[in-house]
Number of protein chains: 2
Amino acid sequence: MGKQVTEMLKGTLEGIVLAILSGRPAYGYEITAWLRDQGFSDIAEGTVYALLIRIEQRGFVDVEKVPSEKGPPRKVYSLNAQGREYLEEFWRTWSFLAERLEQLRKGGR
Amino acid sequence: MGKQVTEMLKGTLEGIVLAILSGRPAYGYEITAWLRDQGFSDIAEGTVYALLIRIEQRGFVDVEKVPSEKGPPRKVYSLNAQGREYLEEFWRTWSFLAERLEQLRKGGR
DNA sequence: ACCACTATTCAGTGTTACTATGTACCAGTA
DNA sequence: TACTGGTACATAGTAACACTGAATAGTGGT
């Protein structure tokens, strides 16, 4: 999609994935497919997996290995209490930024 | 303000500054002060100056040195045609991201 | 002479997403 | 048996960007 999105995703992709997990548990391959479906056409698989490992190490998610009918076992991630707290902080930060951007767009300086 | 904002600003700060310049020409010190005023409390001066040099090298702005009543001369930046084009692309990218984020926030997965 | 404010610059660091590749498991088919 | 394709995860190296911290420099007031 271009470099602009790539840079903008820094910081927000993490929130996006946490938001997805707040709805229901999911695993990497599934998340990647969903993102592509939503128009994030060139998010690399490696990016998602790296991100998942990161949020696991920070303690935002619980992990469970679940056997798959097709292929190797899935690592299913679910948001825990700490993750929900962090997600709420993410939304506050996002709101702050989005409000200022909208003001700027509407001709404000 | 925390690391979350810092990461989220990657890619958007550039758009913010371009949007500011689309209103009227401005110089670094002024932009930094304005940002701090808007609640971006810990955007480093160095960050803004580096960004200005970057967008200058990409050809998005025209630069003019203007003597200041107090202190060294100002480098006044104004958005040129190429910059306006890039800014529009920025808004499209931002909209794309913002829409998906809002959907996610409203419980959609 | 010294300090505060204005104004710009730059070297070094950390974080994050991308590229590219490798590993591995399973089902269908020639 | 060997091959292909879809599923699923991992990782080393790279690029981009914002931050830290410091340096430089001009002006006015004490």
Side-chain angles (χ1 to χ4, degrees), chain A residues 1-18 25-36 40-58 60-61 63-77 86 90 93 97, chain B residues 1-18 25-36 40-58 60-61 63-77 86 90 93 97:
Chain A
M1 281 213 70
K3 206 148 51 82
Q4 248 183 9
V5 189
T6 292
E7 287 309 321
M8 256 189 244
L9 277 177
K10 292 186 182 178
T12 51
L13 183 56
E14 189 176 276
I16 290 172
V17 170
L18 291 176
Y27 55 97
Y29 192 82
E30 187 186 7
I31 295 171
T32 305
W34 185 86
L35 287 170
R36 296 225 168 111
F40 296 101
S41 45
D42 52 21
I43 284 185
E45 275 194 279
T47 299
V48 175
Y49 288 115
L51 193 158
L52 288 170
I53 287 171
R54 222 158 56 224
I55 62 178
E56 179 187 353
Q57 283 171 348
R58 289 202 202 147
F60 297 151
V61 288
V63 189
E64 198 190 352
K65 267 219 163 127
V66 177
S68 163
E69 318 87 48
K70 304 182 78 171
R74 297 166 174 163
K75 277 180 77 178
V76 176
Y77 295 82
Y86 187 80
F90 168 81
T93 305
L97 198 58
Chain B
M1 281 210 70
K3 204 150 54 79
Q4 248 185 6
V5 188
T6 293
E7 290 307 321
M8 255 190 243
L9 278 176
K10 291 188 182 177
T12 52
L13 184 56
E14 188 176 277
I16 290 172
V17 169
L18 291 176
Y27 55 97
Y29 192 83
E30 187 187 7
I31 294 171
T32 306
W34 185 86
L35 287 170
R36 296 226 167 111
F40 296 100
S41 47
D42 52 21
I43 285 185
E45 279 195 277
T47 298
V48 175
Y49 286 113
L51 193 158
L52 287 170
I53 287 171
R54 222 159 57 224
I55 62 178
E56 180 186 354
Q57 283 172 349
R58 289 202 202 147
F60 298 150
V61 287
V63 189
E64 198 190 353
K65 266 215 165 134
V66 178
S68 164
E69 319 88 45
K70 306 183 74 171
R74 299 166 174 163
K75 278 179 77 176
V76 175
Y77 294 83
Y86 187 80
F90 168 81
T93 305
L97 198 58

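Just the heavy atoms: all of them, side chains too, but no hydrogens, waters or symmetry mates, feed the values below. Throughout, a chain's letter reflects where its sequence line sits, starting with A, and its residues are numbered from 1. Computed from a predicted structure; not experimentally measured.
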If you look only at distance, which donor and acceptor atoms sit under 3.5 Å apart when one is on a side chain in residues 49-58 of chain A and the other is two or more places apart or in another chain?
| unit_1 | atom_1 | unit_2 | atom_2 | d |
| --- | --- | --- | --- | --- |
| Y49(A) | OH | Y29(A) | N | 3.3 |
| R58(A) | NH1 | E14(A) | OE1 | 3.3 |
| R58(A) | NH1 | E14(A) | OE2 | 3.4 |

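One distance of note links CG of L13(B) with CD of E7(A); it measures 12.0 Å at 0.5 Å rounding. Here I16(A) contributes atom CD1 and W34(A) contributes atom CH2; the two are 7.5 Å apart, rounded to the nearest 0.5 Å. To the nearest 0.5 Å, the span separating CZ on F90(B) from CE on M8(A) amounts to 4.5 Å. Here CG of L9(A) is found 13.0 Å from NZ of K10(B). Values are rounded to the nearest 0.5 Å.
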field: Residue pair T93(A), Q4(B): steps toward the side-chain hydrogen bond (donor to acceptor under 3.5 Å, both in side chains) verdict
entry: CA-CA 7 Å; T93(A) 305; Q4(B) 248 185 6; 2.8 Å; yes
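One cannot find a donor-acceptor pair under 3.5 Å joining the base of dT15(C) and the side-chain atoms of K3(B).
Protein chain B contacts DNA chain D over a range whose 5' and 3' limits, counting nucleotides with an atom under 4.0 angstrom from a non-hydrogen atom, are dC17(D) to dT27(D).
The CG atom of L9(B) sits 15 Å away from the C1' atom of dG14(C) (whole-angstrom rounding). Put simply, CD1 on I55(A) is 17 Å from P on dT15(C), counting in whole angstrom units. For the pair K10(A) NZ and dC18(C) C1', the interatomic distance rounds to 9 Å; values are reported in whole Å. Atom CD of E7(B) and atom P of dT13(C) are 18 Å apart (whole Å). One can place CG of L97(B) at 12 Å from P of dA17(C), the figure rounded to the nearest angstrom.
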task: Treat primed atoms plus P, OP1 and OP2 as sugar-phosphate and everything else as base, then score nucleotides 5-12 of chain C 5' to 3': B for base contact with protein heavy atoms under 4.0 Å, S for sugar-phosphate contact only, - for none.
output: -BBBBB--
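Considering only side-chain N and O atoms, R54(A) lies under 4.0 angstrom from the phosphate OP1 or OP2 of dA17(C).
Side chain of R74(A) to main chain of K65(A): no donor-acceptor pair is present (N/O by atom type, distance under 3.5 Å, no hydrogens or angles). Judged purely by atom type and a 3.5 angstrom limit, T47(A) has no side-chain atom pairing as donor or acceptor with the backbone of I43(A).
Using a 4.0 Å heavy-atom criterion, one finds that L13(A) contacts the sugar-phosphate atoms exclusively.
Partner V76(A) forms a side chain to side chain contact (heavy atoms under 4.5 Å, CB included) with one of V63(A), V61(A), V66(A) and no other, that one being V66(A).
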